[in-house]
Q: 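Below you'll find the structure I mean.
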Amino acid sequence: MESSENKEKDESTGTKSKESAKPSKKAQKPWRKKFFKEFDRKKTEFQKRAKTRQEKKICETQETELTEKSVDNQPETVKNKTDKKQPEKVKKKLRNIVQKSGPNKDLKRLQHGPKQDSKANRDERRDPESPSEFRKDRYPGDAPVPKKLMSKYQRGKKLHTKGARTHHGHVKLVQNEKKVTMAVKQAARSERLLQEQSGFMIPEDGESTTNVTQSDIVQAADITTAQKHFNLELTQFGPYKAQYTRNGKHLLIAGSKGHVAALDWLTKRLLCEINVMETVRDIRWLHQETMFAVAQKQWTYIYDNQGIELHCLKQPNEALRLEFLPYHFLLASSNATGYLYWLDVSVGQKVASHNTGLGRLDVMCQNPQNAVICLGHPTGSVSMWSPNVNEPLVKMLCHGAAVRSVAVDPTGNYMATSGVDRKMKIWDIRKFEMVHSYQIGCGAGHMVFSQTGALGLGKGNIVEVYQDPCRQQLTSPYMIHKLKTTVNNLHFCPYEDVLGVGHGDGFTSLIIPGAGEANFDAMESNPYQTKKQRREAEVQMLLDKIPVEMIHLDSKMIGKVDMKSFVERVEENNKIHFKKPMSISYEPKHKMKGKGSGRKKEQRKRGVIEEGRRQTVKELVKDKLQEGAQGRKESSTAVSKSKGVLDRFKKTET
Amino acid sequence: MKIKVLSRNPDEYRRETKRDIHKVQRNYDPKLHPFEAPREYVRALNATKLERVFAKPFIGALDGHRDGVNCLCKHPTSLSFLLSGACDGEVRVWNLAKRNCVATIQAHEGVVQGMCFHPDGRSFLTCGLDKVVKQWGISEECTINEEPINTILGKSVFQYMDHHQSENIFATCGQQVDIWKEDRSEPVRSFTWGVDSTHHVKFNPIETNLLGACASDRSILLYDLRGSTPLRKVILSLKSNAIAWNPMESFVFTAASEDYNLYTFDMRKLSAPIMMHMDHVAAVMDVDYSPTGKELVSAGYDKCLRIFSVDTSRSREIYHTKRMQRVRVVQWSLDNKYIISGSDEMNIRVWKARASEKLGMLSTREKASMNYNEKLKEKFIHHPQIRRIARHRHVPRQIYSLSKEMRIMKESRKRKESNKRRHSKPGAVPYVPERKKAIVKEVE
């Protein structure tokens with residue numbers, strides 16, 4: 001301690017000696033003397049303060065340092081060591097962090113860290129008597145929203161505001177873009193308000209989620225959750241199919257031998273239980289829990305939730321699969337003779353029926369993002385159908401053997417197919433390319449995606465769940481459950497971590513943590529809705545019913561600008577602008593017996609002129625049709641006859 | 001192994017009591033909202049259809065006059081009162097809220113040519129074909145004394161009059177534009193420019209010393225009270241019947257022309273109008289701005305009213321009824337909600353300014369949904385189906401056929417011009433913008 005003091009004294013004397021070298025100046029200006037005195041006083045004060053701080057540090061470090069090395073008791077040396085060591089430590093830390101995280105920014109940020117500290121020190125050093133400065137808010141404005149979060153809520157790219165022709169247009173575009181970004185920001189911010197956190201399973205070292213059984217989960221979970229795992233033993237009318245409503249509150253199960261039951265699966269309250277006394281091939285809830293459709297041996301029937309038959313749909317005959325498109329109110333059904341049939345359930349009218357000519361259609365699913373029906377065929381191909389076009393929108397060869405099941409993930413970007421060749425493939429259906437291919441033991445017979453993108457598949461009597469198989473190649477399933485009998489049907493319950501499995505011996509409800517969307521949107525589907533809310537929602541749904549003509553591979557088409565056909569239209573308009581109508585000169589003959597009167601004559605003249613016009617128009621149309629046919633041969637695109645809202649996106653045939 | 005399974009507490013999602021409102025949890029994740037664009041389109045389509053369904057603009061007719069209504073005057077301080085003057089010299093005061101006549105006086109012998117309120121609303125002035133200006137006292141309940149407060153005998157017939165925005169000054173027009181003070185029997189000053197008579201005069205509501213007048217030599221004149229000579233004038237190809245100043249932009253005014261069009265001018269540059277509003281198929285008789293300055297309404301000799309946005313050339317709305325004859329005058333009410341028109345067949349009609357607007361108090365939810373629908377309509381207006389529905393108006397056969405005829409005429413004129421251009425030396429037939437064609441000359 002003493003030595004250090006001496007050092008400091010030496011230093012101070014050193015400075016003094018320098019000052020004393022120029023005494024003449026000092027003498028000349030007395031105020032300088034005062035100033036230097038003040039300066040010296042402050043300096044000594046500061047040094048004292050610094051010393052006390054160092055001492056404190058030493059006391060802290062001493063304990064650790066002393067244990068390591070048998071140090072001589074001179075604290076000064078210790079101090080020196082620590083002084084050297086600390087910056088080294090910081091540097092090491094920095095290096096480590098930079099190596100880990102990479103970007104230079106972090107380095108800069110870290111380098112700025114200590115600088116700020118020094119600033120704080122300077123503040124401390126300031127005279128305590130001087131008036132405290134008005135300090136700025138360190139974090140002004142709104143909290144920043146991470147870009148990654150923003151991108152989740154962005155729809156499409158930003159506009160090129162420079163493309164506007166006029167200044168006014170440019171300003172408008174800029175304003176619009178501002179509004180859009182504000183909306184995106186607000187949506188991203190509102191994520192904080194979400195109440196629930198989705199389920200998960202985090203294995204410790206050496207563990208794997210694959211080995212977790214249902215009983216493990218039930219033990220770990222609370223009572224209400226534990227009740228979600230149950231088994232309905234129904235051996236008499238099996239094998240069963242199961243389906244949940246869109247809000248995940250109700251469950252519909254149907255045995256192939258005619259047993260149909262609808263229930264509130266959480267409270268286990270039975271809505272209805274009937275035996276239709278016929279084979280049941282498929283079941284589907286309609287838009288709400290009030291009605292469901294059952295594909296029976298001959299025809300499809302619609303029942304209400306009391307089990308009362310409401311309708312009998314005699315087309316198509318012997319439907320094999322049903323699919324309900326809730327936003328379009330369409331019930332799609334397929335049968336063994338290759339017919340695909342759409343029925344508008346809100347008005348009870350047939351919308352379209354296509355003869356696919358592709359054989360038995362017992363593999364069907366819908367793309368939830370664009371309402372296109374995907375069919376799997378015995379030839380190994382998958383085709384996609386819209387009611388507007390009489391041929392498949394897309395036909396892709398997916399497997400070397402027959403397709404056993406198809407599923408589309410909830411984002412509408414990926415499709416999973418499985419075939420008799422015991423392969424399961426994941427396809428990117430934006431590019432129609434295969435992403436991953438898996439070899440599945442005995443082949444997957446049933447597949448279904450959950451809301452979070454987990455894939456459930458049934459192979460024989462085993463149910464496997466894969467977590468996010470689309471974005472990564474997986475090596476092992478997330479969960480496995482073994483049943484006594486073969487799996488007949490799978491369906492993830494929306495907004496719950498539950499997978500419903502219909503099988504030969506009834507129905508089993510499995511808990512799959514992380515399968516369901518945690519936060520529902522009550523405007524879209526609300527599991528806790530009251531009767532009144534349900535009724536109101538039904539009216540709203542009917543009002544927002546999307547017309548059939550808008551079913552298209554790209555559901556956002558209606559919001560885009562069709563530049564090409566616009567240009568064509570303008571050109572066409574310009575072409576005909578100066579065209580004169582053709583003139584026909586005809587002088588009718590004079591006729592006797594009252595037919596030569598002015599009126600009659602005029603009538604005959606009109607008739608001839610009209611006839612001439614009609615002929616020319618016919619010829620024109622014929623020419624154009626031929627031109628169109630040639631054009632079509634070149635670009636073989638399907639064009640539907642129906643006139644609808646999407647017509648403007650079609651190429652004009654002229 | 002850490003396991004967490006989704007389990008919600010229903011109490012957090014249900015309302016506590018029946019009197020409470022429902023809890024509505026939102027999640028804006030786009031994944032949960034499929035078919036955004038098509039659903040919005042459908043909603044926009046429905047909103048547009050509903051707008052047309054609810055478009056019932058006619059509120060009621062005020063009848064009582066025994067001759068054609070020649071002038072209307074809004075009360076400056078009260079929304080519910082209206083003055084009207086008829087061709088038989090009768091002036092009536094109407095209560096618009098109750099839709100009845102409050103007071104009647106025989107003001108003049110012959111047509112009541114012009115009327116204007118004093119800005120404080122305590123008195124009003126009328127002028128007639130009988131060369132007299134009369135000032136009438138009016139109470140807050142709008143009862144009128146039988147005898148005028150003041151009577152001024154003029155030398156010539158008065159065609160129209162208007163009051164200064166704040167001061168005790170009013171202007172009349174006839175053979176010349178006269179500026180009067182209310183307490184004097186002689187005009188303070190008179191403006192003339194040429195020999196022709198003026199038939200319309202309006203004070204600028206913002207630059208209160210300016211006034212515009214329409215003369216029968218097809219010109220529009222601008223005067224400044226502070227100067228000794230008129231400011232400038234512009235001569236159009238046909239006579240203007242009326243002008244109206246934009247209440248928000250002091251230098252903008254619109255003239256209702258005899259050539260079926262309305263011309264919006266910037267006072268600083270009269271060589272070309274900034275906008276030409278066309279849709280009428282007969283002479284435009286009167287024009288008035290909405291108090292927001294965003295829209296204007298015009299009365300046509302083709303028995304209809306049309307509403308234009310200030311920056312579009314085509315009308316957004318046409319109002320007509322079977323019984324309405326040639327519309328002489330039109331006024332936009334000061335609360336921006338109603339339009340009042342007076343026509344030849346002795347009736348005054350009250351219309352909604354926005355045809356499908358719901359009158360009366362709106363709940364917050366109603367307001368929110370209305371705003372949402374408005375935005376949707378705006379967003380999808382360029383889609384052909386929606387545009388067609390939004391633009392469709394049923395018009396009387398006469399107007400329909402006349403507008404068709406006018407379209408053909410216009411096209412043929414255009415064709416002729418282009419043919420001319422094709423067969424003459426390049427540059428010999430210049431391109432003249434449509435809106436410049438009506439302007440003959442600007443005189444300083």
Side-chain angles (χ1 to χ4, degrees), chain A residues 152-153 155 187 190-191 193-204 207 209 212 216-217 220-222 224-225 228 327 368-371 410-412 451 496-497 511 513 516-524 526-528 530 533 543-547 550 555-559 578 645 648, chain B residues 1-15 18 20-47 49-50 311 369 373 375-376 378-380 382-389 411-412 414-416 418-419 422:
Chain A
K152 182 180 168 188
Y153 294 95
R155 276 99 169 152
S190 73
E191 200 153 273
L193 303 173
L194 300 181
Q195 294 180 9
E196 300 290 336
Q197 204 197 352
S198 57
F200 53 78
M201 279 204 288
I202 299 172
E204 281 156 25
E207 278 183 326
T209 53
V212 176
D216 292 342
I217 294 172
D222 55 314
T224 45
T225 313
K228 287 173 188 169
Y327 294 101
Q369 288 293 328
N370 59 16
T411 59
Q451 279 178 319
E496 291 284 356
D497 285 344
I511 299 175
E517 173 66 48
N519 296 287
F520 58 88
D521 190 302
M523 295 295 200
E524 201 73 47
N526 184 359
Y528 298 98
T530 58
Q533 279 179 315
L543 281 175
D544 292 348
K545 188 182 106 176
I546 305 168
M550 290 170 89
S555 69
K556 291 185 181 101
M557 191 66 136
I558 193 84
F578 295 112
V645 281
R648 69 197 187 90
Chain B
M1 178 76 67
K2 263 189 188 172
I3 298 177
K4 196 232 162 202
V5 183
L6 193 62
S7 125
R8 298 190 189 90
N9 182 5
D11 293 339
E12 281 170 20
Y13 297 95
R14 293 202 182 112
R15 56 180 179 176
K18 279 202 167 177
D20 210 352
I21 52 165
H22 287 287
K23 286 180 180 171
V24 178
Q25 165 156 8
R26 300 305 309 269
N27 184 357
Y28 296 102
D29 190 351
K31 206 173 69 188
L32 292 181
H33 301 272
F35 302 105
E36 267 179 330
R39 277 156 86 193
E40 266 194 351
Y41 173 81
V42 170
R43 281 178 194 162
L45 189 68
N46 287 344
K49 282 178 184 171
L50 284 180
D311 49 6
S369 94
N373 284 345
K375 203 72 208 169
L376 280 180
E378 192 189 309
K379 187 174 174 183
F380 286 92
H382 297 298
H383 284 248
Q385 271 216 342
I386 289 178
R387 193 180 182 78
R388 185 181 62 80
I389 296 168
E411 261 168 30
S412 82
K414 220 173 171 181
R415 196 165 51 237
K416 185 173 181 182
S418 76
N419 285 342
R422 221 155 19 133

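Every chain is numbered from 1, with letters handed out A, B, ... down the list of sequences. Predicted model, so just to flag it, every value in this text is computed and none were measured.
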Q: Heavy atoms only: give me the nearest A:Ser198-B:Leu6 pair and the separation to one decimal.
A: CA-CD1, 4.2 Å
Q: Do the side chains of A:Lys228 and B:Val5 get nearer than 4.5 Å, heavy atoms only?
A: no
Q: Search all heavy atoms of B:Lys31 against all heavy atoms of A:Pro410 and return the closest pair with its distance.
A: CG-O, 4.3 Å
Q: Under a 4.5 Å heavy-atom cut-off, does chain B meet the side chain of A:Ile511, its backbone, both or neither?
A: side chain
Q: Contact part of A:Lys545 toward chain B, heavy-atom cut-off under 4.5 Å: side chain, backbone, both or neither?
A: backbone
Q: Distance from A:Thr209 atom OG1 to B:Lys2 atom NZ, nearest 0.5 Å?
A: 15.5 Å
Q: Is there a side-chain contact between B:Pro30 and A:Arg155 (heavy atoms, below 4.5 Å)?
A: yes
Q: Among A:Glu191, A:Gln197, A:Lys556, single out the residue with the greatest number of heavy-atom pairs under 4.5 Å to chain B.
A: A:Gln197
Q: Just so I understand: if I count every heavy-atom pair under 4.5 Å between each of A:Asn370, A:Thr411, A:Asn526 and chain B, which residue has the most?
A: A:Asn370
Q: At a heavy-atom distance under 4.5 Å, which candidate from B:His33, B:Arg14, B:Arg39 has the highest pair count against chain A?
A: B:Arg39
Q: Pick one of side chain, backbone, both or neither for A:Ala220, based on which atoms fall under 4.5 Å of a heavy atom in chain B.
A: side chain
Q: Classify the ring geometry between B:Tyr13 and A:Phe520 as parallel (under 30°), tilted (30 to 60°) or perpendicular (over 60°).
A: tilted
Q: Which pair of heavy atoms, one from A:Ser555 and one from B:Ala37, lies closest together, and at what distance?
A: O-CB, 4.2 Å
Q: Quick one: list whatever passes side chain to side chain donor-acceptor pair (under 3.5 Å) with B:Arg15, sequence neighbours left out.
A: none
Q: Ignoring hydrogens, what is the shortest heavy-atom contact between A:Pro368 and B:Pro34? Give both atom names and the distance.
A: O-CB, 3.7 Å
Q: Closest approach of A:Ala518 and B:Arg8, non-hydrogen atoms and distance?
A: O-NH2, 2.8 Å
Q: Check each atom of A:Glu524 against the heavy atoms of chain B and say whether the ones under 4.5 Å are side chain, backbone, both or neither.
A: side chain
Q: Looking at B:Asn27, is its backbone amide N or carbonyl O close enough to the side chain of A:Asn519 to form a donor-acceptor pair, meaning the two atoms are under 3.5 Å apart?
A: no
Q: Quick check on the interface: out of B:Asn46, B:Asp29, B:Leu45, who has the most heavy-atom pairs with chain A under 4.5 Å?
A: B:Asp29
Q: What pair of heavy atoms forms the shortest contact from B:Leu32 to A:Asp521, and how long is it?
A: CD1-N, 4.5 Å
Q: Hey, could you give me the NZ/CG distance between B:Lys4 and A:Asp497, rounded to the nearest 0.5 Å?
A: 8.0 Å
Q: Any chance you could measure A:Glu196, atom CD, to B:Asn9, atom CG, to the nearest 0.5 Å?
A: 8.5 Å
Q: Which region of A:Gln533, side chain (C-beta onward) or backbone (N, CA, C, O), has a non-hydrogen atom less than 4.5 Å from a non-hydrogen atom of chain B, or is it both or neither?
A: side chain
Q: Quick one: list whatever passes ring pair (Phe, Tyr, Trp, His ring centres under 6.0 Å) with A:Tyr327, sequence neighbours left out.
A: B:Phe35
Q: Kindly compute the distance separating NE2 (B:His22) from OH (A:Tyr528), expressed to the nearest 0.5 Å.
A: 15.5 Å
Q: Above 12 or not: heavy atoms from other molecules or residues under 6.0 Å from NZ of B:Lys375?
A: no
Q: Does B:Arg43 use its side chain to pair, donor to acceptor, with the backbone of A:Leu543 at less than 3.5 Å?
A: no
Q: Could you give the distance from CD1 (A:Ile558) to NE2 (B:His383), rounded to the nearest 0.5 Å?
A: 5.5 Å
Q: Measure the spacing between NZ of A:Lys152 and OH of B:Tyr28 and express it to the nearest 0.5 Å.
A: 13.5 Å
Q: Can you check whether A:Val212 reaches B:Met1 side chain to side chain, under 4.5 Å on heavy atoms?
A: yes
Q: May I ask you to name which of B:Gln25, B:Glu40, B:Glu36, B:Lys379 has the most heavy-atom pairs under 4.5 Å with chain A?
A: B:Gln25
